[in-house]
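Worksheet: one structure, shown below.
Counting convention: from 1, in listed order, for ligands and their atoms alike. For the numbers below, each heavy atom of this structure counts, side chains included, while hydrogens, waters and symmetry mates do not.
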Amino acid sequence: MDSLPVLAEKTRVCQLCPLGKTRMHAVPGEGPDNPTIMLIGEAPGRNEDEQGRPFVGAAGKKLEELLTHAGLTRGNVFITSVVKCRPPENRVPTNEEAITCKTNYLEKQIQILQPEIIGLMGRTAIQHVLGDDTPIDLERMHGKTIEKKGKKYLILYHPAAMIYNQSLKERMQDDFRELTKKGDE
Ligand code: URA
């Protein structure tokens, strides 16, 4: 199996889906190499595409706030997304893009990192990582832990949700705190 840096290098030059033609920089993800906690979002946005780093724009600010509130920092968690390249106009990744990226990169990252808990931030991450086509009711599911094939997942709203809906803030803070509780078990 490839090491994490080799996988990241392959991601940076990847042309397995059409997003390889329009991206500026692929965003493999970043964090410690044996994290307790891994966080997975949807796909890079404009700032991430420019810098090649995950969650460095407006959603990243919210993510950092949520981590701080939970007693964590970016340095304690591995942060990535289902899709490593920015979809044009920040559209939702297609199934083909998500599945290609997941099987070639995300699943391998999870296998290498072996985190104790994986936070799935938003619908794209939940749908593609859990591989479940049933409609996702975040109102009902957020904050819940799911065990699947020996892995532990925590269902989270995407940090960007807080930009549009301030009333989610407390719920999201509570949910993010679950990462540390479950990670310490
Ligand atoms: N949103 C995501 O899902 N991932 C990023 O890297 C940035 C914003």
Side-chain angles (χ1 to χ4, degrees), residues 4 7-12 14 16-20 22-32 35 37-70 72-110 113 115 117-131 136 138 141-142 153-166 168-169 172-173 175-176 179:
L4 206 62
L7 201 56
E9 206 37 56
K10 286 187 178 171
T11 311
R12 289 194 189 96
C14 181
L16 293 174
C17 90
L19 299 181
T22 53
R23 67 154 187 254
M24 211 180 298
H25 295 105
V27 184
E30 62 187 33
I37 300 166
M38 180 173 187
L39 292 174
I40 303 174
E42 177 175 287
R46 180 188 297 277
N47 294 285
E48 291 78 17
D49 184 44
E50 282 171 5
Q51 297 181 41
R53 295 186 57 212
F55 283 92
V56 289
K61 281 219 172 65
K62 296 295 174 196
L63 175 59
E64 283 175 17
E65 275 177 45
L66 290 161
L67 289 173
T68 303
H69 197 267
L72 295 165
T73 66
R74 287 182 73 106
N76 316 120
V77 296
F78 193 94
I79 305 172
T80 191
S81 297
V82 174
V83 166
K84 314 300 194 201
C85 295
R86 182 191 183 202
E89 316 298 330
N90 294 351
R91 63 164 170 73
V92 175
T94 64
N95 276 344
E96 187 208 333
E97 290 158 359
I99 291 165
T100 303
C101 211
K102 179 183 84 165
T103 45
N104 285 283
Y105 303 110
L106 182 65
E107 285 178 351
K108 293 178 183 170
Q109 288 177 307
I110 295 172
L113 292 166
I117 184 157
I118 301 173
L120 301 175
M121 305 189 293
R123 284 169 210 286
T124 299
I126 298 164
Q127 182 193 334
H128 288 289
V129 177
L130 295 181
I136 293 155
L138 263 172
M141 290 167 73
H142 77 93
Y153 301 96
L154 175 66
I155 304 296
L156 297 165
Y157 284 100
H158 191 283
M162 224 163 92
I163 300 170
Y164 308 110
N165 187 353
Q166 269 295 312
L168 288 175
K169 184 171 173 174
M172 291 173 69
Q173 287 176 337
D175 292 347
F176 269 73
L179 284 170

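- Remark: side-chain polar atoms of N90 are not paired, donor with acceptor, to backbone N or O of G45 under 3.5 angstrom.
- Side-chain N or O atoms of E48 include one that pairs as donor or acceptor with a backbone N or O of V56 at under 3.5 Å.
- Ligand 1 is surrounded by G41, E42, A43, P44, E48, P54, F55, S81, H158, each with at least one heavy atom closer than 4.0 Å.
- Salt bridge K61/E64: absent, no basic N to carboxylate O contact under 4.0 Å.
- Counting heavy atoms from C-beta outward, H128 and N95 have side chains that approach closer than 4.5 Å.
- Side-chain atoms of H25 come within 3.5 Å of backbone N or O of D49 as a donor-acceptor pair.
- Under the 4.0 Å criterion applied to side-chain N and carboxylate O atoms, R53 and E30 are assigned as salt-bridge partners.
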